[in-house]
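Chain identifiers are assigned alphabetically (A, B, ...) following the order of the sequence lines, protein sequences preceding nucleic acid strands; residue numbering begins at 1 within each chain. All of these numbers come straight from a predicted model, not from anything done at the bench.
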Amino acid sequence: EVQLEESGGGLVQPGGSLRLSCAASGFTFSSYWMNWVRQPPGKGLEWVANIKQDGSEKYYVDSVRGRFTISRDNAKNSLFLQMNSLRDDDTAVYFCARGEGSNSYNDYWGQGTLVTVSS
Amino acid sequence: DIQMTQSPSSLSASVGDRVTITCRASQSISTFLNWYQQKPGKAPKLLIHAASSLQSGVPSRFSGSGSGTDFTLTISSLQPEDFATYYCQQTYRTPLTFGQGTKVEIK
């Protein structure tokens with residue numbers, strides 16, 4: 001059974017940093033693109049970033065480029081999102097999602113972890 | 001960036017109704033269009049990929065169509081468990097973008 005489990009969310013002050021993790025199981029992690037998608041409270045979905053199977057390609061939405069870094073550890077079946085210089089508008093539930101290719105669908109999602117940026 | 005516009009933003013329907021949600025892209029995206037269903041407090045669930053391919057395990061009352069800039073999600077006979085918010089997503093080009101969502105409510 002494919003499972004994705006996010007962790008690392010919490011309350012952080014503006015300008016602070018947080019590192020999210022996503023533990024994958026039930027599939028060959030190293031064979032898939034992986035994505036981060038976020039959802040502010042009561043609002044819609046926003047794609048944040050994705051990363052190729054070997055980590056050689058990474059793409060970001062403009063609003064996080066230069067502040068967030070996506071990475072992965074295929075030996076540990078784990079996906080990460082390092083978030084620096086956090087802003088109020090980064091407050092959201094962050095989901096990790098498996099991708100069936102760089103420009104394909106997300107067929108499995110974790111349950112999400114809440115990041116709250118507030119003073 | 002490619003903008004995705006869904007209509008309507010919300011709708012009220014009864015069990016058994018046929019429901020249609022549309023999604024328009026700001027430029028041609030071929031068939032790089034996916035549909036997701038999300039219930040409150042839950043992760044999105046993939047329904048349709050590549051505009052018209054039904055994801056494994058998804059009931060056949062869901063169908064998708066379209067190419068280029070105009071796409072449609074149809075629920076042929078609305079069931080109680082279908083009351084949720086539906087999102088389209090383009091994966092033609094990064095940044096991958098979602099529509100704003102369509103909330104399907106009970107009439």
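More than 12 heavy-atom neighbours from other residues, nucleotides or ligands sit within 6.0 angstrom of CZ on B:F83. The environment of CZ in A:R67 is crowded: more than 12 heavy-atom neighbours from other residues, nucleotides or ligands sit within 6.0 Å. Remark: A:K76 NZ is loosely packed, at most 12 non-hydrogen atoms of other residues, nucleotides or ligands lying under 6.0 Å away. For NZ of B:K103, the number of neighbouring non-hydrogen atoms (other residues, nucleotides, ligands) closer than 6.0 Å is 12 at most. Heavy-atom neighbours of B:Q79 CD from other residues, nucleotides or ligands within 6.0 Å: above the threshold of 12.
Hydrophobic cluster membership is shared by B:F71 and B:V58, with clusters built from Ile, Leu, Val, Met, Phe, Trp and Tyr side chains linked at under 4.5 angstrom. Connection of B:L78 to B:I21 is established within a shared hydrophobic cluster, with ILVMFWY side chains joined at heavy-atom distances below 4.5 Å, either directly or through further cluster members. Hydrophobic clustering (side-chain heavy atoms under 4.5 Å, transitive across Ile, Leu, Val, Met, Phe, Trp, Tyr) keeps A:M83 apart from A:F80.
Your options are B:T97, B:T85, B:T94, and the one with the most heavy-atom pairs under 4.5 Å with chain A is B:T94. By number of non-hydrogen pairs under 4.5 angstrom with chain A, the leading residue of B:P44, B:A50, B:P95 is B:P44.
For the atom pair CD (A:E100) and OG1 (B:T91), the distance works out to 11.5 Å, reported to the nearest 0.5 Å.
With a 4.5 Å cut-off on side-chain heavy atoms, B:Y36 and A:N106 count as touching.
Contact between B:Y87 and A:L45 at its shortest, heavy atoms only, is CD1-CD1, 3.7 Å. Taking all atoms of both residues into account, the shortest heavy-atom contact from A:G110 to B:A43 is O-CB, 3.1 Å. Here the shortest heavy-atom pairing between B:K42 and A:F95 reads O-CZ, 4.2 Å.
For B:Q38, the part lying near chain A is the side chain, with the backbone staying farther off; criterion is any non-hydrogen pair under 4.5 Å. Contact of A:V37 with chain B is made through the side chain alone, with heavy-atom distances under 4.5 Å. Contact of A:Q39 with chain B is made through the side chain alone, with heavy-atom distances under 4.5 Å.
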List the steps, then state whether side-chain contact (heavy atoms from CB on, under 4.5 Å) holds for A:Y59 with B:L96.
CA-CA 10 Å; A:Y59 300 95; B:L96 311 182; over 6 Å; no
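Using modelled atom types, no side-chain atom of A:Y105 and backbone atom of B:L33 make a donor-acceptor pair closer than 3.5 Å.
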